[in-house]
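Count residues from 1 along the sequence. Below, each value reflects all heavy atoms present in this structure, side chains not excepted, and no hydrogens, waters or symmetry copies. Note that ligands are numbered from 1 as they come in the structure, with each ligand's atoms numbered from 1 the same way.
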Amino acid sequence: MNLVDNFGRKHTYLRISITDACNFRCTYCTSGKTFPVTPRSQWMLPHEIQQIAESFIEMGIQKIRITGGEPLVRKDAAEIFQRLGDLPVELALTTNGVFLPKFIDQFEKIGLNKINVSLDSLDPLEFYRIVGVDDFQKVKNAIQLAVQRGFEVKINAVPTQSTSAKEILDFVQLTQNQNVEVRMIEMMPFSGNDWDRNQVLTKEEILNILSNEYSFSSIPKLKEETAQLYQIDGFKGKIGIISTVSDPFCEGCNRLRITADGKLKNCLFGKREDDLLGRIRRGEPLHEIMIDNVRAKHAQTGGQVLSSNMENRSMIAIGG
Ligand code: SAM
């Protein structure tokens with residue numbers, strides 16, 4: 001059986017957050033604040049994550065991305081990766097990279113070869129201003145290690161109006177000799193991130209910065225992909241722009257999300273949450289609630305207008 005919503009969108013991609021704890025305090029995510037972390041007893045345990053993942057695979061999920069918070073700060077992360085690695089599903093990870101070297105051998109062994117690393121500036125001082133931790137070099141080294149070891153690496157950055165054109169062009173420069181994808185994400189509104197539409201650096205503005213300096217072509221996009229990709233003439237890598245705010249792409253959405261406390265969300269911006277963890281702890285099946293949840297999915301942005309007072313969790317508590 002498949003997870004198809006009322007708009008004919010088939011859901012094959014699941015993002016599982018394994019913790020809402022994070023070692024960074026990114027301005028665009030938490031506004032630099034510390035959020036209370038869910039008590040560990042309310043997190044899904046490794047065998048529960050496996051059990052939930054198995055139910056989704058039975059319903060047609062083909063790819064699982066592990067995220068957080070910061071997934072690599074969870075003490076039993078290796079056990080979770082091992083359990084998911086044994087399942088018939090493609091695995092991917094989103095991380096800030098700081099603890100990536102510790103896990104890289106395991107990722108190779110379990111066949112997790114798609115890693116998105118967040119890197120919001122190529123200037124150490126600006127990086128510190130954004131994330132609140134002096135770990136620039138660790139993140140850079142982790143990216144280099146993953147690229148050298150043959151992982152498919154994407155770099156995620158959230159530029160805003162305070163990002164200089166030079167910074168955007170420095171990111172573009174990273175794609176000259178390396179086959180990496182640098183993805184610029186428009187800043188999205190979540191609870192607690194003090195979002196203001198005027199802060200968002202839009203796709204159009206980023207493209208203007210690019211076109212002042214380079215000639216480039218746009219690469220045809222599959223409908224379920226979030227990033228519109230561009231390639232600078234003669235460069236090895238690619239630039240992606242995720243225009244959730246200025247030009248949403250919900251019509252091709254194939255994603256579902258599970259929060260670290262085991263709630264199913266059918267949209268990053270949706271209010272509806274269904275408690276999967278409570279159900280499996282009570283020994284109840286999940287299939288019916290999965291189908292209901294998917295059928296209730298709104299056509300666009302969770303049925304909400306993107307604004308600073310949307311009803312939703314913080315990004316750190318949803319899982320990016
Ligand atoms: N800790 C991991 C990391 O840093 O990649 C995974 C979780 S983080 C929430 C996942 C992604 O969400 C990161 O690439 C981050 O840049 C992005 N993100 C967080 N808040 C955002 C926001 N308000 N708008 C756009 N992207 C955001």
Counting non-hydrogen protein atoms only, what is the nearest one to [atom]? Give residue, atom name and distance.
atom	value
atom 2 (C) of ligand 1	E70 OE1, 3.3 Å
atom 12 (O) of ligand 1	M315 CE, 3.5 Å
atom 10 (C) of ligand 1	G320 CA, 3.6 Å
atom 4 (O) of ligand 1	S118 OG, 3.1 Å
atom 21 (C) of ligand 1	Y28 CD1, 3.5 Å
atom 22 (C) of ligand 1	M188 N, 3.7 Å

Is it true that [X] and [Y] make a salt bridge, defined as a side-chain N closer than 4.0 Å to a carboxylate O?
X	Y	answer
E90	K114	yes
R295	D292	no
K238	E181	no
E108	R149	yes

Near [X], which atoms of ligand 1 are under 4.0 Å from a heavy atom of that residue?
X	value
N193	23 (N)
N156	14 (O)
E186	24 (N), 25 (C)
V158	16 (O), 25 (C), 26 (N), 27 (C)

Quick one: sort the F107 and F151 rings into parallel, tilted or perpendicular, breaks at 30° and 60°.
perpendicular

Taking the side chain as C-beta and beyond, is there a heavy-atom pair between [X] and [Y] under 4.5 Å?
X	Y	result
R255	T226	yes
P71	L93	yes
R15	T94	yes

Side chain, backbone, both or neither: T95 near ligand 1, heavy atoms under 4.0 Å:
backbone

If you measure from each non-hydrogen atom of F190 to ligand 1, which part falls under 4.0 Å: side chain, backbone, both or neither?
side chain

Centroid-centroid distance, F216 to F235, less than 6.0 Å
no

Verify whether the ring centers belonging to Y128 and F136 lie closer than 6.0 Å.
no

Can you name the nearest heavy-atom pair linking V158 to D120, along with the distance?
N-OD1, 2.8 Å

Could an N or O of ligand 1 be found under 3.5 Å from any N or O of [X], whether backbone or side chain?
X	result
I185	no
T94	no
D120	no

Counting heavy atoms only, name the option from G69, S31, A157 that's nearest to atom 7 (C) of ligand 1.
G69

T67 near ligand 1, heavy-atom distance under 4.0 Å?
yes

